[in-house]
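For reference, the structure discussed in these notes is given below.
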There are 2 protein chains.
Amino acid sequence: MAATRTRRTERRENPLSRERIVEAAIELLDAAGEGGLTFRALAERLATGPGAIYWHVTGKDELLHAATDAVVAAAVPPAPAGTAPRDAVRAVALGVFDAIDAHPWVGAQLARSAMDAPILRIFERLGRQVQALGVPRAVRFTAASALLNYVVGVAGQNAANARAVEAGTDRTEFLTRMAAAWTELDPEEYPFVREVAGDLPHHDDRVEFLAGIDLILTGIAPRERPADPPSA
Amino acid sequence: MAATRTRRTERRENPLSRERIVEAAIELLDAAGEGGLTFRALAERLATGPGAIYWHVTGKDELLHAATDAVVAAAVPPAPAGTAPRDAVRAVALGVFDAIDAHPWVGAQLARSAMDAPILRIFERLGRQVQALGVPRAVRFTAASALLNYVVGVAGQNAANARAVEAGTDRTEFLTRMAAAWTELDPEEYPFVREVAGDLPHHDDRVEFLAGIDLILTGIAPRERPADPPSA
DNA sequence: ACCTGAACACCGTTCAAGT
DNA sequence: ACCTGAACACCGTTCAAGT
């Protein structure tokens with residue numbers, strides 16, 4: 001019934017709001033990529049002048065920040081109670097990974113973000129699981145940071161790849177071309193890169209990403225903790 | 001004697017060259033930060049018009065790429081023969097870390113770089129040591145990628161922090177203020193971040209960074225490989 | 001071949017003026 | 001209080017014209 005009442009103010013309904021602006025910004029970024037977010041384009045989409053947006057938002061940085069935070073918040077839900085810590089870490093990481101897959105600009109943004117809202121959300125979720133893993137207080141920060149930095153590193157990398165592919169090329173075609181380029185590198189200078197070039201086209205990014213997470217998890221807390229030996 | 005001959009062409013000595021342009025770009029980036037690199041500022045420093053630069057460089061992206069590559073190449077020298085693989089990995093990582101410390105814009109650039117020259121240099125160095133560590137062929141790519149992504153993640157983070165600090169604030173003052181902000185977060189939503197906030201001001205970035213590297217190294221290959229048990 | 005610098009097409013942001 | 005849109009101060013890049 002509140003809905004019916006709304007009809008009264010028919011004209012000039014849809015007032016500007018921070019929420020609507022951020023929403024439109026996300027749509028623009030998704031549709032047109034990182035360069036697509038423009039105050040003019042945004043104003044047009046919201047049927048106003050560019051100046052109007054500044055009433056609700058301090059500038060482009062804040063807008064980008066808010067857009068990123070909205071996506072990350074939706075992507076990293078609290079772990080369902082009873083999840084094993086390792087699985088919970090993987091779930092958080094995958095949540096971020098998939099969000100970046102859907103919104104490559106988020107990856108670029110996370111990779112250049114300081115320790116504020118969007119990053120802190122991820123750090124918190126990872127940290128809680130590190131604690132649940134039984135990591136001693138003194139090294140929890142280090143362990144959680146390692147996971148965070150890895151996730152954020154992959155985020156930037158994926159964003160860069162998405163930018164590079166956007167020529168409408170097929171994904172495996174892109175990887176195959178990259179592998180070919182690697183094979184042409186100087187054998188003296190790039191023996192390792194040349195050797196692994198062949199792996200490139202067969203790799204599943206998601207699997208590869210999770211394998212990295214598992215590597216760090218193993219470093220943080222070895223799989224099966226053997227009973228403490230009877231002291232030294 | 002070649003030097004004396006040079007005097008002949010006194011006027012209009014110092015011809016433009018890709019090398020000089022990249023060098024000037026690096027100076028500009030170091031002095032004025034990421035926003036300081038402008039074709040106009042660069043042209044002024046080189047005593048030409050902006051258009052002249054385009055004869056030697058295709059555009060700003062290539063320029064930024066070349067500048068980053070120059071810094072990274074200098075920062076990641078080949079490991080001296082006989083270095084233990086773990087130490088060599090640490091040396092590579094620290095080389096990148098210190099380069100970013102000296103040139104924060106490099107961190108931002110690496111964090112958003114695809115797998116081309118600058119990143120490949122680092123990947124190659126890390127990969128060789130992964131191999132030296134005895135990691136089986138099939139998982140070398142994964143192991144080297146994990147190290148690379150971590151390093152690149154820290155790179156982006158440090159660049160962001162450098163940007164945040166540039167208000168001339170002292171470093172520990174900056175950390176103390178951040179810790180204070182973390183402590184004011186909602187206890188329901190950010191228990192972990194609040195708990196570790198106190199660690200922040202005491203942390204040494206470099207030590208913290210290396211600890212993360214060690215975590216991954218442990219995950220890649222456990223410290224002391226016990227002799228293989230007599231098969232299953 | 002290489003340089004010059006005005007001009008073009010765009011930005012983010014501001015601000016007087018409106019309602 | 002909120003919106004409008006012209007104007008300002010910048011960009012990267014191009015290009016006719018020079019040497």
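Here the structure is a predicted model, which is why all the values come from computation and not from measurement. Residue numbers start from 1 in every chain, and the chains themselves are labelled A, B, ... in the order their sequence lines are given, proteins ahead of strands.
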H56(A) vs dC3(D): side-chain N/O to OP1/OP2 distance below 4.0 Å = yes
Output field: ring centroids F141(B)/F123(B) closer than 6.0 Å | yes
DNA chain D base-pair string [pairs: Watson-Crick or G-U under 3.5 Å; |: paired with another strand] | ||.|||||...|||||.||
Is R163(A) reaching over with its side chain to a backbone N or O of R112(B), donor-acceptor style, under 3.5 angstrom?
-> yes
Lys/Arg N to Asp/Glu carboxylate O, R40(A) vs E44(A), below 4.0 Å = no
What is the distance from atom CD of E34(A) to atom CG of L64(A), rounded to the nearest 0.5 Å?
-> 8.5 Å
Measure from the side-chain N and O atoms of Y150(A) to the backbone N and O of F209(A), and report whether any donor-acceptor pair falls under 3.5 Å.
-> yes
Atom CG of D61(A): over 12 foreign heavy atoms under 6.0 Å | no
Any W55(B) side-chain N or O less than 4.0 Å from OP1/OP2 of dC3(C) | no
Once each nucleotide of nucleotides 6-19 of chain C is scored for protein heavy atoms under 4.0 Å, what B/S/- sequence comes out, 5' to 3'?
-> -B---BBBBB----
Can you name the residues that form a side chain to side chain donor-acceptor pair (under 3.5 Å) with R171(B), not counting sequence neighbours?
-> D205(B)
State whether the number of non-hydrogen atoms from other residues, nucleotides or ligands found under 6.0 Å of E62(A) atom CD is greater than 12.
-> yes
